[in-house]
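Take a look at the structure below.
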Amino acid sequence: MSEIFKGIDKIRYEGPQSKNPFAFKFFDAEKIVLGKPMKEHLPFAMAWWHNLGAAGTDMFGRDTADKSFGAPKGTMEHAKAKVDAGFEFMQKLGIEYFCFHDVDLVPEADDMNVTNARLNEISDYILLKMKETGIKCLWGTANMFSNPRYMNGAGSTDSAEVYCFAAAQIKKALDLTVKFGGRGYVFWGGREGYETLLNTDMKFEQENIARLMRMAVDYGRKIGFTGDFYIEPKPKEPMKHQYDFDAATAIGFLRQYGLDKDFKMNIEANHATLAGHTFEHELRVSAINGMLGSIDANQGDMLLGWDTDEFPFNVYDATLCMYEVLKAGGLTGGFNFDAKNRRPSNTYQDMFEGFILGMDTFALGLMKAAALIEDGRLDAFVKEKYSGFDSPIGKKITSGGATLEELAAYAAELKDAEPPHSGKQERLEAILNSILFG
Ligand code: XUL
Ligand code: CO
């Protein structure tokens, strides 16, 4: 098999002073941060669909990049060329994981049985490559949003037969995930939502989605899948309203339907901001509920109202993300670059530079978050802020032993309440800056 990305050698760490675009400036895989090598803190993954599939097509124009990898698109030869390209790419970057949708791997046929036979063939080939290289699978998923049959949703569809097709796709995607030894299985609710309530039975749709997830868990456990199922929340796009709006909504849904023991969150940065939240907000909500599982590491554009899936370069965001991840004790999943090059960045060199940017940004985020934790001033401030609850009356409240009457009587004895602390936001932001740039 001949080299695909000619002229690009293994990407190495050269340090912050390096001007070589094909070297890491901050990602130093073996460097120890808080007692662990960077690569263990940051299990990075390549998204099959963006990196090997997306070639620049948007609503207004066709492909700008050539992702044929030397084989005609829409053929099994091309599917294999994508595997070759993907593994060469990951090896050159030191990326240890990949994520996939079923139909990212092979061209979808009209007959599902043909698609499944193609999936069997390609997954044998992928497995061979995995054994050869040590590259692993982070998570798999089923694409239940591109095929026209899913126009009204998959789990939320009005057609019982379409629902069966969704079940069949999930079953196959779970088979593949188990075959690859994947750490997780994702449900991103592509078209699980609605455009207008005038034509929608929301309760019916949500109950059916829950049933599908229950069946997926039962089947997965039966075939030996021991990893986590994930919901990847997103508030809108493609639907006007998506049911898994944000982490809080998805967690409530999982608890309502008794799915919370098997599921965690896969938090995508760009989805968080579309929901009107910060990335770190979504991570915190997941973490305090014991459901921070995995991350789709990308970045949106605050001026645009859609999912731009850019490679992350905002070091503030990456730092605040890694601050949440470190405090939560790490991820059971990993960091999937659900990101694509900008349409005019159309060469294969750009593919590498996108990943180098993203990996360096998260390496910086990791080091800066570790420094924030070691510095300790943020933690100390938060601890002090709530210290009023260390008093006898405070302890009575937090132990759950207080009544409203008792607290009202306590307040009546006081002339005035002890004032709350200054929030000191500006001081804390200055600390963040001094750690980032000092
Ligand atoms: C779409 C998105 C998906 C999921 C997997 O916004 O993020 O690619 O990550 O289906
Ligand atoms: Co995603």
Side-chain angles (χ1 to χ4, degrees), residues 13 15-17 24-28 31-42 44 246-248 265 267-273 275-290 292 295 297-303 310-331 335 357-391 394 398 417-438:
Y13 173 73
Q17 305 309 324
F24 295 119
K25 322 296 179 298
F26 302 102
F27 180 69
D28 183 2
K31 183 189 164 91
I32 302 292
V33 179
L34 296 178
K36 241 173 39 175
M38 250 190 199
K39 65 173 190 201
E40 283 179 31
H41 282 286
L42 298 168
F44 289 126
D246 58 4
M265 295 296 115
I267 297 299
E268 176 164 326
N270 203 162
H271 296 179
T273 51
H277 300 308
T278 59
F279 187 16
E280 61 270 21
H281 168 93
E282 289 292 84
L283 297 167
R284 179 76 62 95
V285 169
S286 306
I288 64 173
N289 285 287
L292 178 55
I295 286 178
N298 65 10
Q299 182 176 317
D301 186 319
M302 289 305 177
L303 299 183
E310 295 170 36
F311 282 97
F313 85 103
N314 184 319
V315 178
Y316 281 100
D317 287 349
T319 301
L320 295 174
C321 163
M322 292 312 299
Y323 191 67
E324 296 302 322
V325 170
L326 288 175
K327 283 182 159 279
L331 300 175
F335 297 81
L357 172 67
M359 291 165 77
D360 270 343
T361 300
F362 270 81
L364 266 170
L366 168 66
M367 290 188 286
K368 296 300 175 184
L372 274 173
I373 289 171
E374 278 171 339
D375 173 84
R377 278 176 289 172
L378 296 186
D379 271 337
F381 178 84
V382 174
K383 191 164 186 299
E384 171 61 20
K385 185 179 172 204
Y386 298 97
S387 60
F389 280 84
D390 292 337
S391 65
T398 53
E418 180 200 335
H421 289 69
S422 159
K424 295 250 177 273
Q425 185 169 332
E426 298 76 6
R427 180 185 293 177
L428 302 175
E429 287 169 346
I431 292 173
L432 179 58
N433 271 352
S434 73
I435 299 269
L436 282 178
F437 304 106

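Residues: numbered from 1 along the sequence shown.
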Going through the distances and angles, do L283 and I295 end up as a side-chain contact (heavy atoms from CB on, under 4.5 Å)?
CA-CA 9 Å; L283 297 167; I295 286 178; 3.7 Å; yes
Do F381 and I431 pass the side-chain contact (heavy atoms from CB on, under 4.5 Å) test, and can you show the C-alpha distance, the side-chain angles, and the key distance before you say yes or no?
CA-CA 11 Å; F381 178 84; I431 292 173; over 6 Å; no
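For K25, there are no side-chain hydrogen bond (donor to acceptor under 3.5 Å, both in side chains) partners, not counting sequence neighbours. Partners of F27 under the ring pair (Phe, Tyr, Trp, His ring centres under 6.0 Å) rule, at least two apart in sequence or in another chain, are F24, F44. Every residue two or more places apart in sequence or in another chain was checked for a salt bridge (charged side-chain N to carboxylate O under 4.0 Å, His left out) with R427, and none qualifies. Residues forming a side-chain contact (heavy atoms from CB on, under 4.5 Å) with L357 (at least two apart in sequence, or on another chain): F311, F313, T361. Legend: residues meeting side-chain hydrogen bond (donor to acceptor under 3.5 Å, both in side chains) with E324, ordered by chain and number and at least two apart, are R284. Partners of K327 according to the salt bridge (charged side-chain N to carboxylate O under 4.0 Å, His left out) rule, which considers only residues two or more places apart in sequence or in another chain, are D379. With sequence neighbours excluded, the residues forming a side-chain contact (heavy atoms from CB on, under 4.5 Å) with T273 are N270, M302, listed by chain and number. Contacts of E40 classified as side-chain contact (heavy atoms from CB on, under 4.5 Å), with partners at least two apart in sequence or in another chain: K36, P37. Not a single side-chain hydrogen bond (donor to acceptor under 3.5 Å, both in side chains) links E282 to another residue, sequence neighbours left out. With sequence neighbours left out, D301 forms a salt bridge (charged side-chain N to carboxylate O under 4.0 Å, His left out) with no residue at all. For Y316, the side-chain hydrogen bond (donor to acceptor under 3.5 Å, both in side chains) partners at least two apart in sequence or on another chain are N433.
For the atom pair NE2 (H271) and CG (N298), the distance works out to 6.5 Å, reported to the nearest 0.5 Å. The line from CG of D360 to CG of D28 is 10.0 Å long, rounded to the nearest 0.5 Å. Interatomic distance, L42 CG to L331 CG, rounded to the nearest 0.5 Å: 9.0 Å. Interatomic distance, CZ of F279 versus CD of Q299, reported as 10.0 Å (0.5 Å rounding). Here the CG-CG distance, from L326 to L34, works out to 6.0 Å after rounding to the nearest 0.5 Å. Between the CG atom of L436 and the OG1 atom of T319 there is a distance of 4.5 Å, given to the nearest 0.5 Å.
Residue pairs meeting the side-chain hydrogen bond (donor to acceptor under 3.5 Å, both in side chains) criterion with at least one partner in residues 365-376, sequence neighbours excluded, are D375-R377.
In this structure, the side chain of H41 does not engage the main chain of L366 through any donor-acceptor pair within 3.5 Å.
Nearest heavy-atom pair across M265 and A247 is SD-CA, 4.2 Å. What you find for D246 and A275 is that their closest heavy atoms are CB-CB, 4.3 Å.
Under the 4.5 Å side-chain criterion, counting only non-hydrogen atoms from C-beta, M367 is in contact with M38.
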